Structure formats: structure tokens, C-alpha cells
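The structure appears right after this line, and notes come after that.
Since the structure is predicted, the reported quantities are computational estimates derived from the model, not experimental observations. Note that the numbering runs from 1 along the sequence shown for the chain.
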Amino acid sequence: MYFPYLRGKQYEMQALLSVPMATYNKMLPIVEHVATASSRFFIRMAQQGRPFILIMNPFHPRGSGRISIATIQSLLVGHLAAHIGLHLGYIVDQHASPAELQAFLTSNLNNEKAVIFRHIPLPANMATIDAVLRANPPKYLVFDETKSRRLRPSLNWHNGHVMLVDGFERQERNSDYPALSNFESNVSTWRTDGLVGMGDYLANGDHFSQGGGQPKVVTLHLAGASPTGLIMHHFSSTMNAGIQGAPAPKFAQACNSLVNSTSVAAMPLSSGITMFQQWDAANHYPGLGSPKQASMQHHLELLAQLV
């Protein structure tokens, strides 16, 4: 099973709503909803029967910090409350208390649970956390390979481990991306590692950004399969690369490079690639959010095929 990790931005939620329903046969997205408290997208997910894990105590790294469980609990009404595909998640970090974790595990009894270890430092009282988990085992324990992999042996009594890997090689500037880079992934090893699933942070990486200004270079990212796992293709504009702004012609150039790439032509056609093809054919500039959505849709469909 593939567990993509998202932060609830509009283009991320649009991607989850736009991929074919068959993608969800092998995918269970984890949404740490820090972008907005609106339930609009979640209700649409529920109405369409799309399963996902909603984190109940999300952390906003650029805002006020931890969002209260009560705030997210208030969203669980109507269609969302009745959604049989709704799983609930809880992040264990240094601020987590055994009492709050126990309250999470013993509430909303109709929903499967996931407990997530991806923030450091972790609590000092992990023995107490372990006792709470043993008394009320969630369906999934989710780890981040960089931050919490060392916890797995101490929790090996649980048979529902998932490992997140931050595989995207992020660059400071769009102009720094090579045509091809490695994308570290456990897509080919998760079963032999004794996991029930694998996950990643897509081409966002484990990095939260509110968005930036006008770019000097427009770069489009597209994941591809390789014999050893995954690679990432980068298609960058070259025109007026020293001048900030004019994103429409720069996007058109990068999009045309993507559409005419022999590497992309050899890939299975995804809804994301189709979006790029349509924009190129119509010479249409959709803004900078929609291309991110298209890249994400391609990534979600590709990983759901590979797991």
C-alpha cells in the first residue's frame, strides 16, 4: 500500500480528488491539514468515497504551531463523519502526552487509527507511550526514515508499520535542478523490510512552503520508474533565466520540453501527463499551482502502480 504524505494545500487536495478512483485500490493518503481549517475538500473526498487518513493534531511550521484536536474534531460532521474510508491520525512528538494519545485512540471508535512518528525530538516518556499503544493498538504505525526509524525495533510487537522516505533532492533555485536526479524510495523494498506499506512526500519533499514570488526559472518535476526504484525528471525553462517574472512563456517552454521528452513518451499515460499535453496543445498557462497538481497526480498514479 502507498501512503503519500500531504499538507492539505488546495492543489494537493485537487490532485487527490482528480486521480482515477482505481488509484485508491493501492493508496491511502495521509493529510496533515495545515493550509486551512475548511472541510470543503474533505467533504468532497467523503462524497466520492475516497479513503484517507486525516491527522487530528496537525503542526503548522510557519503558523501558530500545533492545531488543536478540537479544531479538527469539529470537521467530523455530516458526510465526513459517515465516511467509512476516513481514518484518523495522531502525530507523536515532544508535545504529545500519553493522556491525549489515549483519548485519541479511544474516541471516534468507528474510524481506524494511525499513529505517526515524524517530528523530532520525540517524547522522553516513550515507555508510557508504548504502553498506551499496546492497550489500544492502532491499525498503522507510521515512521519517517530519517527522524524515527530507530523506534521501529522497540515497537516491533505491532504488525502494521509504514515507512515514509523523503526522497526528493530539493534545490535552492529552480535553475539548479539537473535534467535527472535520484529519488530515494523504498517502493521496491518495503515488503522485504517487513512493512505493510511505504510512503513519501512526493516532489514537495518534507518541506512546507506558503508559496513564493515570481520565478526566474520555471521547473516542472515528473517522477519515473527505474530498475532500482524511482528517478525524478526536471524540465526547466531557459529563456530570460536572469529575469524574474514572465512565468507564462517560461512555463510554455518547460511544458513543451516535458511533452516532447522521449522519457515521458515511454511512461504509462497518467492524468497528470494528460494535463501537461492539453496545456501544451492549447498554449495555455494555468498558473503555477496547477502544474504542481499535475505532477502530483502523475506521482500518485505511478506509485500506486508500483507498490
Side-chain angles (χ1 to χ4, degrees), residues 1-9 12-13 15-16 23-24 26-35 51-61 87-94 96 112-123 126 129 133 138-156 158-170 181-209 221 223 225 228-232 295-296 299-307:
M1 183 71 77
Y2 172 46
F3 293 78
Y5 198 99
L6 307 101
R7 298 291 177 60
K9 288 187 174 183
E12 295 176 344
M13 299 307 296
L16 292 180
T23 309
Y24 285 85
K26 296 284 189 70
M27 180 178 78
L28 183 59
I30 304 172
V31 182
E32 185 179 7
H33 197 50
V34 299
F52 65 102
I53 298 172
L54 175 62
I55 293 179
M56 298 295 287
N57 61 334
F59 181 80
H60 196 313
H87 299 58
L88 301 179
Y90 180 88
I91 293 174
V92 174
D93 61 9
Q94 62 178 327
E112 297 282 10
K113 307 293 197 311
V115 173
I116 299 157
F117 301 91
R118 60 166 300 272
H119 286 283
I120 51 176
L122 291 163
M126 275 304 300
I129 296 289
L133 292 172
K139 185 171 184 178
Y140 302 111
L141 292 182
V142 183
F143 304 88
D144 180 283
E145 188 189 50
T146 302
K147 300 172 183 175
S148 57
R149 185 183 185 94
R150 63 182 177 82
L151 277 181
R152 276 200 71 200
S154 65
L155 296 169
N156 61 7
H158 190 281
N159 61 2
H161 288 196
V162 176
M163 187 66 70
L164 298 170
V165 177
D166 183 10
F168 185 67
E169 296 183 350
R170 184 178 181 83
S181 66
N182 182 52
F183 188 96
E184 184 180 354
S185 174
N186 57 348
V187 68
S188 60
T189 61
W190 62 273
R191 286 186 177 88
T192 56
D193 289 340
L195 302 167
V196 299
M198 55 75 60
D200 60 26
Y201 302 92
L202 295 89
N204 298 325
D206 184 13
H207 171 84
F208 180 80
S209 171
H221 312 290
T228 56
L230 290 179
I231 51 177
M232 187 65 67
S295 293
M296 293 182 75
H299 193 108
L300 297 171
E301 293 173 42
L302 174 66
L303 269 293
Q305 293 170 2
L306 294 176
V307 291

Please find the pair of heavy atoms, one from [X] and one from [Y], that lie closest to each other, and give the distance.
| X | Y | value |
| --- | --- | --- |
| Leu122 | Arg150 | CD1-NH2, 4.0 Å |
| Asp200 | Leu202 | OD1-N, 3.1 Å |
| Met56 | Leu88 | SD-CD2, 3.8 Å |
| Ala114 | Ile53 | CB-CD1, 4.0 Å |
| Ala225 | Leu306 | CB-CD1, 4.2 Å |
| Leu141 | Pro138 | CD2-CG, 3.8 Å |

Mark yes or no for whether [X], through its side chain, and [Y], through its backbone, hold a donor-acceptor pair below 3.5 Å.
| X | Y | value |
| --- | --- | --- |
| Ser185 | Leu230 | no |
| Asn57 | Ile91 | yes |
| Glu184 | Val165 | no |

Which residues pass the salt bridge (charged side-chain N to carboxylate O under 4.0 Å, His left out) test with Lys147, sequence neighbours left out?
Asp206
Would you please name every residue forming a side chain to side chain contact (heavy atoms under 4.5 Å, CB included) with [X], sequence neighbours left out?
| X | value |
| --- | --- |
| Arg149 | Glu145, Met163 |
| Lys26 | Ala304, Val307 |
| Ser181 | Glu169, Pro178, Met232, His234 |

Rounded at 0.5 Å granularity, tell me how far [atom1] in [X] sits from [atom2] in [Y].
| X | Y | atom1 | atom2 | value |
| --- | --- | --- | --- | --- |
| Arg7 | His33 | CZ | NE2 | 13.0 Å |
| Leu164 | Arg118 | CG | CZ | 7.5 Å |
| Leu151 | Ile129 | CG | CD1 | 10.5 Å |
| Asn204 | Phe168 | CG | CZ | 8.5 Å |

Can Val162 and Val196 be said to form a side chain to side chain contact (heavy atoms under 4.5 Å, CB included), step by step?
CA-CA 6 Å; Val162 176; Val196 299; 3.8 Å; yes
Centroid separation His221 to Phe183 less than 6.0 Å
no
Indicate whether any N or O donor in one side chain lies under 3.5 Å from an N or O acceptor in the other, for Asp166 and Tyr5.
no
Partner set under side chain to side chain donor-acceptor pair (under 3.5 Å) for Ser188, not counting sequence neighbours:
none
Walk me through it: do His158 and Leu133 pass the test side chain to side chain contact (heavy atoms under 4.5 Å, CB included)?
CA-CA 9 Å; His158 190 281; Leu133 292 172; over 6 Å; no
For Tyr2, ring pair (Phe, Tyr, Trp, His ring centres under 6.0 Å) partners two or more places apart
none
